[in-house]
Structures are given as structure tokens and as C-alpha cells.
*Asks:* 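Below you'll find the structure I mean.
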Amino acid sequence: MKDTTTTAEPAGAVRRSTRDLTKAAVSGWLGTAMEFMDFQLYSLAAAIVFNKIFFPDVSPAIGLIAAMATYGVGYVARLAGAVYFGRMGDRLGRKKVLTITILLMGASTTLIGVLPTYATIGIMAPVLLVVLRLAQGFGAGAEIAGATVMLAEYAPARRRGLVSSLVSLGTNSGTLAASGLWAVLLAVLSEEQLLSWGWRLPFLLSFGLLLFAVWLRRNLKESPVFEERPDVVDGVAMSRREVESAVTEGTGGDTGLLEAGLKQRKGRAFFLALGLRFGQAGNSGLIQTFLVGYIATELAAERSVPTDAIVYGSLLGFLTVPAIGLLGDRFGRRRTYLALTSLTAVAAFPLMMLITSGSTPALMAGMILGLNIGVLGLFALESVTMAELFGSRTRFTQLALAKEIGGVLATAIGPVLAASLTAATGSWWPIAAMLVVYSLITLVSALLSPETRGRDLVRLEDAV
């Protein structure tokens with residue numbers, strides 16, 4: 001496979017100071033942390049209290065299903081947000097979109113905390129809850145993609161993997177913050193206090209974080225890559241017709257770069273990125289979602305055991321994620337991908353043997369290792385590789401869609417399929433087999449991908 005690595009800085013490059021890069025890094029991390037905190041706050045609330053305060057006139061089981069359904073509609077809105085904001089980001093700039101998405105997410109989360117309950121306004125309470133959930137998902141659909149693009153386009157080429165991996169740390173931060181808030185509430189409040197006013201606190205407390213995040217992004221400079229793009233004039237990208245006209249007439253910037261953007265083959269980079277995303281998202285759905293319930297129900301372990309393992313694994317991820325980013329910078333994206341996916345596939349059955357051994361320490365060790373190797377490690381590498389695969393003209397849109405489509409397919413299908421297969425076989429081996437298959441999908445995608453480390457991100461065309 002042809003190596004497309006290049007580390008030479010193009011002439012006339014727009015420069016950013018270390019302070020600008022720091023702001024971009026904090027902004028990317030904070031936005032992703034808010035996204036995952038918002039969704040974790042909601043998912044925990046849906047499981048603990050929403051069935052009682054928004055759907056009280058039905059059976060507990062139906063109430064829980066209804067509460068979880070309102071959680072699920074957010075994923076539908078994410079796809080729409082990926083398309084809408086992705087196109088806006090490619091045409092009008094990354095900064096504008098990232099300010100809008102974080103405001104939309106944060107405002108929706110805060111407003112959930114002031115919603116009247118079913119006892120106050122009846123059926124309008126769950127209706128308003130669904131509306132806010134849709135708005136939250138609409139903004140989140142482009143948040144992590146936008147933060148990934150912004151950081152990759154800000155970072156110096158030789159440290160792009162490390163800097164871009166900081167987006168992945170936001171997932172740990174947000175999940176841990178939301179889980180910690182709910183753990184405190186459950187520990188100090190009675191059920192009556194929790195149902196009457198306590199459940200509102202996590203949502204209302206997020207408002208302070210929202211104000212800081214919006215201030216930070218409003219003071220963030222635009223991506224230097226967006227400003228350097230030859231098809232951007234006065235802060236707005238030219239339409240295809242305008243680009244064709246500029247190439248024909250030989251006007252308006254580097255016509256060679258413009259022409260290359262027009263002639264590129266479309267689609268291959270997207271499907272490669274989808275394959276890279278599929279393995280990480282599939283492994284995540286199995287390890288972070290399905291296994292938690294499987295261990296409690298089928299292995300008769302305390303529910304706190306797998307959830308504690310996820311917490312400890314997430315904490316270890318603060319070391320794993322930047323380490324993988326550094327390895328990608330040192331050895332290249334393809335080599336690191338091949339090593340990680342091969343290791344996950346080879347370790348899948350031994351890890352499941354640990355998890356099902358009957359020993360609590362072995363179970364937790366298996367969960368922690370699986371989370372860091374097969375989920376967080378791949379996530380850190382995915383952030384930079386997908387950004388480098390796409391050309392600057394459609395990078396935001398394609399990256400957002402690849403992340404959301406891959407995530408929905410893998411995380412929606414995986415746990416259901418795993419539940420069906422384990423029920424049919426009465427064994428754990430289908431879980432390990434699915435981890436192997438998901439990892440092999442990403443391994444094959446990495447094999448078919450070019451080496452993108454150090455690629456000039458100003459180029460309009462995809463890497464393949």
C-alpha cells in the first residue's frame with residue numbers, strides 16, 4: 001500500500017501559537033466531555049427516575065421502556081445533526097459550528113432540569129422531554145466530529161496523533177463526571193428527595209460548564225487548515241461550480257489543488273473510515289453495554305462489579321489514550337491499528353475466560369484490559385486517522401457521518417445479537433467471537449488504508 005506520509009509544512013501556512021493550540025485542545029476535550037456527560041446523565045436518569053416522574057400511569061416495565069425510548073430518539077437526531085452541521089462546518093468554518101453545537105447540547109441538558117413533571121402538566125411532560133432529547137442529539141451528532149477535525153487541523157503534523165487523542169479523553173471525563181454526580185445523589189438523598197427535586201441537580205449544574213465552554217469557543221480562532229484552503233474565499237467555501245470556474249479561468253488561489261479536489265474519487269475513504277469506526281464502536285457496545293448486564297444476570301455477580309470495572313478502566317484510559325496517540329505518531333497509523341486490532345482479536349477468548357472464571361479480580365482485570373485495548377485504544381487512534389483520511393473540503397461531513405452511522409449500526413445491532421446468541425448457545429463464546437469479528441473488520445480496513453501520518457490536511461481530496 002502506498003505511503004502518503006509527508007511532514008513538510010506547506011509554504012504560506014497559517015500559524016497558531018502554543019496558547020491557541022492549548023485553547024483548541026481544552027475546547028475539544030471539554031466539548032466531548034460535555035457530550036458524554038449529557039448523554040450519561042440522561043441515560044442514568046432514564047434508568048433510575050424518569051419512568052416514575054414522566055411515565056407514572058403505566059406499569060414499571062412499560063415506564064422503563066418508554067424512558068429508554070426517549071433516550072434512543074437522541075441517536076436518530078444525531079444522524080441528522082451530522083449531515084446538517086457537517087455541511088455547515090465544511091462551508092462556513094469549524095468554529096461557528098462548534099459554538100452552535102455546544103450551545104445546543106448544553107441548553108437542552110439544562111432545560112431538562114427545569115421541566116415540569118407528568119404530575120404537573122400531564123402528557124406534555126414526556127413530549128417536552130422528547131423534544132429536548134432530540135435537540136440534544138441534533139447538536140451532539142456533529143460535536144465529537146467537529147472537535148476531532150478542529151484538533152487535527154490545529155495540531156503540528158509530528159504530534160497530531162497525541163493532540164487529537166485528547167478528544168477521546170473527553171469520553172472518560174464526561175462518563176466519570178456524570179456517574180459520580182449520580183452516585184453522590186443516590187448516596188445522600190432519600191428516594192422521596194430524589195424524585196421530588198434531587199434528579200434536577202445534575203442537569204442544572206451542567207449550566208456552569210456550558211457558560212465556560214461557550215466562552216472558550218467564542219474566543220477560539222478558526223482552524224488554520226480551513227483558512228488555508230484554496231477554495232475558501234472571505235471565510236466561505238466556494239461551491240463546486242465556482243471551483244470549476246476558478247480552475248477553468250486559472251484564478252483564485254492554487255488551481256492545482258482545486259483541480260485535484262474536483263477529480264478525486266469519492267466513497268472509498270468513507271467506507272474505510274466506516275470500517276475503522278465499526279470495530280471500535282462494536283467492541284464498545286459489547287464491553288461497556290452488553291457485558292455489564294450479562295455479568296449481573298448470567299454470571300450472578302453483583303451489578304457493582306462490572307460497573308466498577310468500567311470506572312477503573314476509564315481511569316486507566318487517561319494513560320492509554322495519549323500513549324496510543326504517541327505510538328501512532330512514532331510508528332504510523334496503520335502499524336498501530338494492525339497491532340491493536342490483532343491484539344484484541346487474539347485476546348478476545350482469553351479475556352472472556354477471565355471474565356467468566358468466577359473470580360472477581362479476574363473478571364475486573366478482563367473488563368479493564370478489554371476496554372483499554374479494544375475500545376479506548378482504538379478510539380484514540382480513530383480520532384486522528386479518520387481526519388487524515390478525508391480531504392479538507394468534505395472532512396467535517398464525512399467524518400461526522402462515518403462516526404454516527406458506524407456507531408449506530410454497531411452499537412444498535414451488537415448487544416441485541418450478542419443477547420440472542422448467548423441465549424441460544426447458553427455460553428459466552430459468541431461474545432468473544434463477535435469481538436474477534438469486529439476487530440477483524442477494523443484490521444482489514446487498516447490494511448486497505450494508506451499510511452496517513454503527517455498528511456497535508458489542506459489538500460481538498462481524500463487520501464484514497
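Side chains are part of it too, since the values below use all heavy atoms of this structure and drop only hydrogens, waters and symmetry mates.
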*Asks:* Would you check, one step at a time, whether the test side chain to side chain contact (heavy atoms under 4.5 Å, CB included) holds for Leu409 with Ile405?
*Replies:* CA-CA 6 Å; Leu409 288 177; Ile405 292 174; 3.9 Å; yes

*Asks:* Taking all non-hydrogen atoms of both residues into account, name the closest pair between Thr101 and Ala142 and its distance.
*Replies:*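 For Thr101 and Ala142, the tightest heavy-atom pair comes out as CG2-CB, 4.3 Å.
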
*Asks:* Which atoms form the tightest heavy-atom contact between Ile310 and Leu371, and what is the distance?
*Replies:*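 Minimum heavy-atom contact is O-CD2, 3.8 Å.
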
*Asks:* So Leu286 and Met434, side chain to side chain contact (heavy atoms under 4.5 Å, CB included) or not? Walk me through it.
*Replies:* CA-CA 8 Å; Leu286 290 176; Met434 289 180 67; 3.7 Å; yes

*Asks:* Side chains of Pro202 and Leu185, heavy atoms from C-beta outward: is any pair under 4.5 Å?
*Replies:*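 Side chain of Pro202 against side chain of Leu185, heavy atoms only: contact under 4.5 Å found.
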
*Asks:* Apply side-chain hydrogen bond (donor to acceptor under 3.5 Å, both in side chains) to the pair Ser383 and Ser165, showing each step before the final yes or no.
*Replies:* CA-CA 6 Å; Ser383 296; Ser165 73; over 6 Å; no

*Asks:* When rounded to the nearest 0.5 angstrom, what distance separates CD1 in Ile112 from CH2 in Trp199?
*Replies:*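 One gets 8.0 Å once the value is rounded to the nearest 0.5 Å.
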
*Asks:* Hydrogens and angles aside, do Gln280 and Thr442 bring a side-chain donor and acceptor to less than 3.5 Å of each other?
*Replies:*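 No - no donor-acceptor pair under 3.5 Å links their side chains.
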
*Asks:* What's the spacing between Gln136 CD and Glu35 CD if we round to 0.5 Å?
*Replies:*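 CD of Glu35 is found 9.0 Å from CD of Gln136.
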
*Asks:* How long is the gap from OG on Ser449 to CG on Leu389, to the nearest 0.5 Å?
*Replies:*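 So the gap between those two atoms works out to 5.0 Å.
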
*Asks:* Just by modelled atom types, is the Phe226 backbone N or O under 3.5 Å from a matching donor or acceptor in the Ser223 side chain?
*Replies:*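 Answer holds: yes.
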
*Asks:* Looking at residues at least two apart in the chain, or sitting in another chain, which of them share a salt bridge (charged side-chain N to carboxylate O under 4.0 Å, His left out) with Arg333?
*Replies:*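 Per chain and number, Arg333 pairs via salt bridge (charged side-chain N to carboxylate O under 4.0 Å, His left out) with Asp329, Glu388.
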
*Asks:* Write down the atom of Leu169, the atom of Pro322, and the distance for their closest heavy-atom approach.
*Replies:*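 That would be CD2-CD, 4.2 Å.
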
*Asks:* Mark yes or no for whether Thr32, through its side chain, and Trp29, through its backbone, hold a donor-acceptor pair below 3.5 Å.
*Replies:*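 Judged by distance alone, no pair lies under 3.5 Å.
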
*Asks:* Measuring from Phe203:CZ to Leu132:CG, what's the distance to the nearest 0.5 Å?
*Replies:*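 That separation rounds to 10.5 Å.
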
*Asks:* Answer yes or no: is there a side-chain heavy-atom contact under 4.5 Å between Leu327 and Arg335?
*Replies:*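 No, their side chains stay 4.5 Å or more apart.
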
*Asks:* Does any donor atom in the side chain of Trp428 or Thr422 lie under 3.5 Å from an acceptor atom in the other side chain?
*Replies:*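 Judged by distance alone, the side chains do not pair up.
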
*Asks:* Does Thr397 offer a backbone N or O that forms a donor-acceptor pair with the side chain of Arg87 under 3.5 Å?
*Replies:*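 A pair under 3.5 Å: no.
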
*Asks:* Do Val436 and Phe349 touch side chain to side chain, with heavy atoms closer than 4.5 Å?
*Replies:*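 Yes, their side chains come closer than 4.5 Å.
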
*Asks:* Taking Arg395 for the side chain and Leu457 for the main chain, is one N or O donor matched with an acceptor at less than 3.5 Å?
*Replies:*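 It does hold such a pair.
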
*Asks:* Hey, does the side chain of Lys403 reach the backbone of Arg277 with a donor-acceptor pair shorter than 3.5 angstrom?
*Replies:*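 No, because the side chain of Lys403 does not come within donor-acceptor range (under 3.5 Å) of the backbone of Arg277.
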
*Asks:* So do the side chains of Leu189 and Trp197 get within less than 4.5 Å of each other, counting heavy atoms only?
*Replies:*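 Side chain of Leu189 against side chain of Trp197, heavy atoms only: contact under 4.5 Å found.
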
*Asks:* Can any side-chain N or O of Asn283 pair as donor or acceptor with the backbone N or O of Gly374 at less than 3.5 Å?
*Replies:*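 Confirmed, Asn283 side chain pairs with Gly374 backbone.
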
*Asks:* Give me the atom names and distance for the closest heavy-atom approach of Thr110 to Leu210.
*Replies:*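 Answer, listing the atom of Thr110 first, then Leu210: OG1-CD2, 4.5 Å.
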
*Asks:* Can Leu272 and Met386 be said to form a side chain to side chain contact (heavy atoms under 4.5 Å, CB included), step by step?
*Replies:* CA-CA 9 Å; Leu272 288 174; Met386 289 173 68; over 6 Å; no

*Asks:* Hey, does the side chain of Arg78 reach the backbone of Gly137 with a donor-acceptor pair shorter than 3.5 angstrom?
*Replies:*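 The answer is no, because no donor-acceptor pair under 3.5 Å joins these two groups.
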
*Asks:* Compare every heavy atom of Pro430 with every heavy atom of Leu421, then report the nearest pair and how far apart it is.
*Replies:*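 Closest approach of Leu421 to Pro430, heavy atoms only: CB-CB, 3.6 Å.
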
*Asks:* Quick one: are Arg200 and Leu205 in side-chain contact, heavy atoms under 4.5 Å?
*Replies:*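 Not touching, per the 4.5 Å side-chain cut-off.
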
*Asks:* Could you tell me whether Glu153 and Arg94 have a side-chain N and a carboxylate O separated by less than 4.0 Å?
*Replies:*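 A salt bridge links Glu153 with Arg94.
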
*Asks:* Would one find more than 12 heavy atoms of other residues, nucleotides or ligands at under 6.0 Å from atom CD of Glu191?
*Replies:*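 Counting other residues, nucleotides and ligands, CD of Glu191 stays at 12 neighbours or fewer.
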
*Asks:* Below 4.0 angstrom, N of the basic side chain to O of the carboxylate: do Lys221 and Glu227 qualify?
*Replies:*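 No salt bridge links Lys221 with Glu227.
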
*Asks:* Quick one: pull up CE in Met352 and CD1 in Ile431 and give me the separation to the nearest 0.5 Å.
*Replies:*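 Here the interatomic distance stands at 4.0 Å.
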
*Asks:* Output the distance between atom CD1 (Ile144) and atom OG1 (Thr171), rounded to the nearest 0.5 Å.
*Replies:*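 So the CD1 of Ile144 and the OG1 of Thr171 are separated by 7.0 Å.
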
*Asks:* Quick one: do Leu209 and Met34 satisfy side chain to side chain contact (heavy atoms under 4.5 Å, CB included)? Show the steps, please.
*Replies:* CA-CA 8 Å; Leu209 192 59; Met34 282 190 63; 3.6 Å; yes

*Asks:* Side chains of Val97 and Leu92: closer than 4.5 Å at any heavy-atom pair?
*Replies:*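 Val97 vs Leu92: side chains apart.
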
*Asks:* With no hydrogens and no angle check, just 3.5 Å: does a side-chain donor-acceptor pair link Arg217 and Ser27?
*Replies:*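 The criterion, which ignores hydrogens and geometry beyond distance, is satisfied for Ser27 and Arg217.
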
*Asks:* Check for me whether the distance between the ring centres of Phe396 and Phe390 falls short of 6.0 Å.
*Replies:*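 For Phe396 and Phe390, the ring centres are not under 6.0 Å apart.
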
*Asks:* Just by distance, do the side chain of Thr385 and the backbone of Leu381 share a donor-acceptor pair under 3.5 Å?
*Replies:*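 Yes, because the side chain of Thr385 sits within donor-acceptor range (under 3.5 Å) of the backbone of Leu381.
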
*Asks:* Please name the pair of heavy atoms, one in Ile102 and one in Ala213, separated by the smallest distance, quoted to 0.1 Å.
*Replies:*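 Closest pair (atom of Ile102, atom of Ala213, distance): CD1-CB, 3.3 Å.
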
*Asks:* Is any side-chain heavy atom of Met364 less than 4.5 Å from a side-chain heavy atom of Pro361?
*Replies:*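 A side-chain contact is absent here, since even the closest heavy-atom pair is not under 4.5 Å.
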
*Asks:* Would you call Tyr337 and Glu382 a side-chain contact if the rule is heavy atoms closer than 4.5 Å?
*Replies:*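 In short, these two side chains touch, coming nearer than 4.5 Å.
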
*Asks:* Please answer whether the main-chain N or O of Ser314 pairs with a side-chain N or O of Asn172 as donor and acceptor at a distance below 3.5 Å.
*Replies:*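 Present.
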
*Asks:* Has the side chain of Ser179 got a donor or acceptor atom that lies under 3.5 Å from a matching backbone atom of Leu176?
*Replies:*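 A pair under 3.5 Å: no.
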
*Asks:* Hey, is CZ on Phe318 packed in by over 12 heavy atoms from elsewhere, all under 6.0 Å?
*Replies:*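 Yes.
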
*Asks:* Side chains of Thr394 and Asp90: any donor to acceptor distance under 3.5 Å?
*Replies:*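 The answer is no; no qualifying pair exists.
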
